[in-house]
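By convention in this document, chain letters (A, B, ...) are assigned in the order of the sequence lines, proteins followed by strands, and residues within each chain are numbered from 1.
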Amino acid sequence: MFRQFRDSVAVALTEALESLELPSADLGIEEPPEDLPATLASSVAFRLAGEMGAAPPQVAQTVADAIDPDGVDYLSAVDTQGPYVNFHTNDAYLADTLETAQADSYGRLEDQKTSVVVEHTSANPTGPVHVGRARNPIVGDAVANLLDFAGYDVDRHYYVNDAGRQMAVFTWAYETFDETALEDEPARDRVEYDLVRYYRKGNHFLENAEPAEVEAAEAEITSILQGLEAGDEAAYERVGTVVDQVLGGMKDCLARLPAAFDEFVKETRFMRDGSTTAVADRLKESEYAVYEEDAWQLDLSAHGFEKNLVFLRSDETSLYTTRDLAHHEWKFDNYDRAVTVLGEDHKLQAGQLQAALEILGNDTDRLDDVIYSYVNLPEGKMSTRRGTGVMLDDLLDESIDRAREEVESRLDDRIRNDDLDADDIDRIAHQVGIGAVRYDIVSKQPTKAITFEWDRALDFEAQSAPYVQYVHARCCGILDEADTMPELGAIDPAALSDPAAIDLLRTIARFPAVVEAAADEHKPHIVATYTREFAEAFNGFYRECPVLSADDPAVRDARLALVSASKHTVANALSIIGVAAPDSM
RNA sequence: GGGCGUGUGGCCUAGCGGAUCAGGGCGAGGGGUUCCUAACCCCUCGAUCGCGGGUUCGAAUCCCGUCACGCCCGCCA
């Protein structure tokens, strides 16, 4: 109801200002500090003071007097406090919130009639997913969930870089070396842990072998790349053998988060269908194209980039960005909007891509990037090639193990006699363990650098996933024990008179606005912050207001409805950030 | 050298022009459970928001400068 209230206040305030013949371009509507009773406030008086030749508090009073609360949705009264005009909600605001939030889908926004493709992760299929890039699937999945919940028609894509030099090296190494030549056993019984050993072996060979041997290897690698460029079916198959296996393993790892994709889009697709060549041809025709040092380049100085972007090598083969151009035009053909989640190291490339897309005549306003910083180890960067780094699988395992210990240590002093069995313990360990990892990452602004430390990443204390998950479990516990749910029509919202209950209901009322703001800015961490605020509000209510043992049946029913609304709110907020909502824990 | 990003109490973090807004959390110290799960709650200690200027009625928030850290500046991806 918060969004509706905000809209109606904006209209009322605009009309009031117009009636006073004052400018209404900047309404200055904001949320007042927590300890004030008003739901919304306006700071227009500051800006109008000069124009009216009066002090801000007086201006505020004049404006407030010009608004008649009657007929304005959810508005009960307008008053002032110093220079601020404050807007208070009426009973219907809370009553409608309580009723609306009874729906499982509470918070989901209206259909935006817009399709959007969210591309995330897109890690080269060279080996196991490590924590350094784990931010990508976690943030990416949350962004996709968020847009979906905000009413967009979302597809999730993983762009597979299967045409680059790295994959050619990998393919050559896989075909060349015998398993007996590999030094270590796979770190884990899954295909990408097995095959990455060939990749590392190959890279090691190229860096250390005799020049003649390296030259021969390079010739083979080049022939693979040229085969791909020439549309040679055998080359696709050779590379595909490696790519599909490794990708399959990575997919299994990502599924643990869980992060799932609607489509894995291979870049070779845009070589095979001729669109990459077509893009290059069109670029050649553009006014920004230059042919220097035997290679076709784009002069992007007018777009703010110092150096030229090479889009065709001297041997006529395409580069990553050229293929990505064809890829993005394909996105534009099939979707209204495109969001890409990518590491800060790709930022320059993304900017060049966007400039080139504009040169090709695309409307790049349809494209948005979400940039995140890599997670580094205290001793430096993680690297698949060098085999340094913490694997996401290991992080998840460790987190689940610690969560399991936590559950087991709590079993003895559980008050609730719901007899958790082995399956429950396993379920809770997974929900909490994986939830904690995701929450830790999704709750921070992605642009902030993170240095990975086990204990910090696996903290189950307050302001973490379990803190919020526990609120959901409490809701379920109460609803479970209440034999019947009251009829919607039988609920009297007025029975919720305690400050803690009203505070909770007001927090619930804000949820759709939080979803809207987070989706508009592609910032799932806003939802994570909200879950924490929500949990605090709920815990306050839980402490102050007994539900099942409430003496007055009307109070009990109203509180029960509030718990139900709370459950939907927290469950949906958690689902957006990809954290499981346990029924018990 | 240039570009982009980050800089909030011992540590992590929210806020990113508006009201005693410097908010949470961890850590430290002290309390709370015959009552819907104490992975909870309450209290105390602790920050002039990297530093210096400027704009503004008002700046952690905007501008300029400066320092520190990260990322990038390939006919790699």
Just to confirm, is there a sub-4.0 Å distance from OP1 or OP2 of [N] to any side-chain nitrogen or oxygen of [X]?
{"X": "Arg313(A)", "N": "C76(B)", "value": "yes"}
{"X": "Arg474(A)", "N": "A39(B)", "value": "no"}
{"X": "Tyr320(A)", "N": "A77(B)", "value": "no"}
{"X": "Tyr467(A)", "N": "G24(B)", "value": "no"}
{"X": "Lys444(A)", "N": "C12(B)", "value": "no"}
{"X": "Asn539(A)", "N": "C41(B)", "value": "yes"}

Atom [atom1], compared across [N] and [M]: separation rounded to whole Å:
{"N": "G54(B)", "M": "A59(B)", "atom1": "C1'", "answer": "11 Å"}
{"N": "U44(B)", "M": "G58(B)", "atom1": "P", "answer": "33 Å"}
{"N": "G65(B)", "M": "G1(B)", "atom1": "P", "answer": "15 Å"}
{"N": "A68(B)", "M": "U56(B)", "atom1": "P", "answer": "32 Å"}
{"N": "G70(B)", "M": "C76(B)", "atom1": "P", "answer": "27 Å"}
{"N": "G50(B)", "M": "U8(B)", "atom1": "P", "answer": "6 Å"}
{"N": "U6(B)", "M": "C16(B)", "atom1": "C1'", "answer": "13 Å"}
{"N": "A22(B)", "M": "U61(B)", "atom1": "C1'", "answer": "12 Å"}

For this session: Taking only Lys NZ, Arg NE, NH1 and NH2, and the carboxylate oxygens of Asp or Glu, determine whether Arg559(A) and Asp498(A) approach each other closer than 4.0 Å.
Result: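 So Arg559(A) pairs with Asp498(A) through a salt bridge.
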Exercise. Is the shortest distance from a Lys or Arg side-chain nitrogen in Glu207(A) or Arg385(A) to a carboxylate oxygen in the other one below 4.0 Å?
Worked result: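 Salt bridge present between Glu207(A) and Arg385(A).
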For this session: Indicate whether any N or O donor in one side chain lies under 3.5 Å from an N or O acceptor in the other, for Ser584(A) and Arg427(A).
Result: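 Present: a donor and an acceptor within the cut-off.
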Which of the following nucleotides, [options], is nearest to the side chain of [X]?
{"X": "Arg543(A)", "options": "C41(B), A39(B), A77(B)", "value": "C41(B)"}
{"X": "Lys347(A)", "options": "C36(B), G5(B), U13(B)", "value": "G5(B)"}
{"X": "Lys448(A)", "options": "U6(B), A39(B), A77(B)", "value": "U6(B)"}
{"X": "Glu267(A)", "options": "A77(B), C36(B), A39(B)", "value": "A77(B)"}
{"X": "Thr447(A)", "options": "A77(B), G15(B), G5(B)", "value": "G5(B)"}
{"X": "Lys307(A)", "options": "A77(B), G74(B), G7(B)", "value": "G74(B)"}
{"X": "Glu481(A)", "options": "A77(B), C36(B), A14(B)", "value": "C36(B)"}

Problem set entry | His327(A)/Tyr159(A) aromatic ring centres below 6.0 Å |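 Yes, ring centres under 6.0 Å apart.
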When all nucleic acid strands are considered with a 4.0 Å heavy-atom cut-off, which category describes [X]: base, sugar-phosphate, or nothing?
{"X": "Glu34(A)", "value": "nothing"}
{"X": "Val471(A)", "value": "nothing"}
{"X": "Val407(A)", "value": "base"}

Problem set entry | Of Ala163(A) and Pro83(A), the one whose closest RNA chain B nucleotide lies more 5' |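 Whichever sits nearer the 5' end wins; that is Pro83(A).
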What's touching nucleotides 70-72 of chain B from the protein side, N or O pairs under 3.5 Å?
| from | atom 1 | to | atom 2 | distance (Å) |
| --- | --- | --- | --- | --- |
| G70(B) | O2' | Glu344(A) | OE2 | 3.4 |
| C71(B) | O4' | Glu344(A) | OE2 | 3.4 |
| C71(B) | O2' | Glu344(A) | O | 3.4 |
| C71(B) | O2' | Asp345(A) | N | 3.4 |

For this session: Assess whether one donor atom and one acceptor atom, taken from the side chain of Asn86(A) and the base of A19(B), lie less than 3.5 Å apart.
Result: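 Check passes, donor-acceptor contact within cut-off.
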Detail all sub-3.5 Å separations between protein N/O atoms and N/O atoms belonging to nucleotides 25-28 of chain B.
| from | atom 1 | to | atom 2 | distance (Å) |
| --- | --- | --- | --- | --- |
| G25(B) | O4' | Gln463(A) | NE2 | 3.4 |
| G25(B) | O2' | Ala462(A) | O | 3.1 |

